[in-house]
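Taking it in order: structure first as structure tokens, then the write-up.
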Number of protein chains: 2
Amino acid sequence: MAIDAKLISAESVLSALGDPTRRTMVAGLSQGPATVSSLAGLLGITRTAVGQHIAVLEACGLAHSEKLGRVRTCRLNFGGLSVLQDWIDFQRATWERSLDQLGEVLLEDDE
Amino acid sequence: MAIDAKLISAESVLSALGDPTRRTMVAGLSQGPATVSSLAGLLGITRTAVGQHIAVLEACGLAHSEKLGRVRTCRLNFGGLSVLQDWIDFQRATWERSLDQLGEVLLEDDE
DNA sequence: CTATTGATGAAGTCTTCACTTCACTAATCG
DNA sequence: CGATTAGTGAAGTGAAGACTTCATCAATAG
């Protein structure tokens, strides 16, 4: 254990980005805010489905949205990607540290 | 369209990292190489399942493995994470460019 | 006002996929 | 040699989740 720690939110971001539709949404939103309807048109899915994806993206901090009148506008949240950045950096740092500690065998971690 | 382009392999990496078990595997492998059996023990799943996950990680370039005798040893592939890094950078660049281009409304992208 | 439009909750369908069991092969140990 | 041990292919199970339809509500349009 102790492998993951304080990476909890990176978990949710990676989980969210595991879905291709949400990846396309992020790519689209990186070009500017969009409404539920416009995203539905872009993605070829129902508004209901878009709303569900937005909820996931908001939950992990990748996006936020607000409703003005009857129109909900969704925007990318810049900070969300930095969490992912931190995760990558952490894995890399761990990897490099493990390379320093040795140069040869290290397979005697039992079975 | 034209939203995704040349990001095809980032797609597979994000798809692979969407699974929590594979994320744990990556975290474990960042601390050094491991055998199928040791990963199975660490994760609490069968060797068969581990083998399937390794196949996915190899397919997207995040890991590679080789079999010596009857033991397969799996290692992280450093370059794999840089693909993900590039994806983040691309989204950020697009985001910042969209911020430059305007300061107000841009919702007339219709469907 | 009525009609339309944007969005959302509830609930169901259906596919994907993580994981298992079983059977088998090959390498190592005694 | 026979007995474990490491791994893998095939095939099946089960659950997660992406998406839909339907019904409803509120905001805007005419």
Side-chain angles (χ1 to χ4, degrees), chain A residues 4 11-29 32-60 62-75 105-111, chain B residues 4 11-29 32-60 62-75 105-111:
Chain A
D4 4 85
E11 291 283 300
S12 61
V13 170
L14 283 167
S15 175
L17 292 177
D19 179 65
T21 302
R22 278 192 292 267
R23 260 173 266 147
T24 305
M25 281 182 66
V26 169
L29 290 172
T35 67
V36 172
S37 288
S38 66
L39 287 170
L42 174 69
L43 298 165
I45 58 179
T46 49
R47 303 167 218 262
T48 305
V50 171
Q52 292 165 349
H53 284 303
I54 289 180
V56 174
L57 291 178
E58 283 192 305
C60 71
L62 275 179
H64 66 103
S65 68
E66 58 184 351
K67 198 171 181 178
L68 292 183
R70 60 181 171 178
V71 177
R72 175 172 299 278
T73 301
C74 187
R75 301 165 197 276
V105 267
L106 75 164
L107 299 186
E108 40 278 317
D109 44 344
D110 78 280
E111 98 291 0
Chain B
D4 3 86
E11 291 284 299
S12 61
V13 170
L14 283 166
S15 174
L17 292 177
D19 179 66
T21 302
R22 279 192 292 266
R23 261 173 268 146
T24 305
M25 280 182 68
V26 168
L29 290 173
T35 66
V36 171
S37 288
S38 66
L39 287 171
L42 174 69
L43 298 166
I45 58 180
T46 52
R47 304 167 218 262
T48 305
V50 171
Q52 292 165 349
H53 283 304
I54 289 179
V56 174
L57 292 177
E58 284 192 306
C60 72
L62 276 177
H64 65 103
S65 68
E66 57 182 354
K67 196 169 180 178
L68 292 183
R70 60 180 173 177
V71 176
R72 176 172 298 278
T73 302
C74 188
R75 300 165 197 276
V105 267
L106 77 162
L107 298 187
E108 40 279 318
D109 44 343
D110 74 282
E111 95 281 11

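Convention: sequence-line order gives letters A, B, ...; per-chain numbering from 1.
By the 4.5 Å heavy-atom criterion applied to side chains, A/Leu17 and A/Leu62 are counted as neighbours. You'll find the side chain of A/Arg23 reaches within 4.5 Å of the side chain of B/Ser15, heavy atoms only.
Judged by distance alone, the side chain of B/Arg47 and the main-chain N or O of B/Val36 form no donor-acceptor pair under 3.5 Å.
At least one side-chain nitrogen or oxygen of B/Thr46 sits closer than 4.0 Å to the OP1 or OP2 atom of C/dT20. Contact check, B/Arg22 against C/dA18: a side-chain N or O comes under 4.0 Å of OP1 or OP2. Between A/Thr48 and D/dC19 there is no side-chain N or O to OP1 or OP2 distance below 4.0 Å. Contact check, B/His53 against C/dC19: a side-chain N or O comes under 4.0 Å of OP1 or OP2. OP1 or OP2 of D/dA6 has at least one side-chain nitrogen or oxygen of B/Arg47 nearer than 4.0 Å.
For a distance-only test at 3.5 Å, the side chain of B/Arg70 fails to qualify as a donor-acceptor partner of the base of D/dA6. The base of D/dT8 does not come close enough to the side chain of B/Gln52 for any donor and acceptor atom to sit less than 3.5 Å apart.
Remark: P of C/dG6 and CD of A/Glu66 are 18 Å apart, rounded to the nearest angstrom. The CD1-P distance, from B/Ile45 to D/dG7, rounds to 13 Å in whole Å. Going from atom CZ of B/Arg72 over to atom C1' of D/dT8 covers 9 Å, rounded to whole Å. Atom P of nucleotide D/dA27 and atom NZ of A/Lys67 are separated by 8 Å, given to the nearest angstrom. Note: CG (B/Leu39) to P (D/dA6) measures 13 Å, nearest angstrom. Atom CG in B/Leu43 sits roughly 15 Å away from atom C1' in C/dT20 (whole-Å rounding).
Closest contact between the side chain of B/Asp19 and the listed nucleotides C/dA7, D/dA6, C/dA18 involves C/dA18. Set against D/dA6, C/dT20, D/dC19, the side chain of B/Ser37 has D/dA6 as its closest nucleotide.
Each of A/Leu68 and A/Ala49 was assigned the nucleotide of DNA chain D with the nearest heavy atom; the assignment lying further toward the 5' end belongs to A/Ala49. DNA chain D is contacted by both B/Val71 and A/Val56; B/Val71 maps to the nucleotide lying nearer its 5′ end (nearest heavy atom per residue).
The one candidate from A/Ile45, A/Val26, A/Val50 that meets the side-chain contact (heavy atoms from CB on, under 4.5 Å) condition with A/Thr21 is A/Ile45.
Rounding to the nearest 0.5 Å places CE of A/Met25 at 6.5 Å from CG of A/Leu43.
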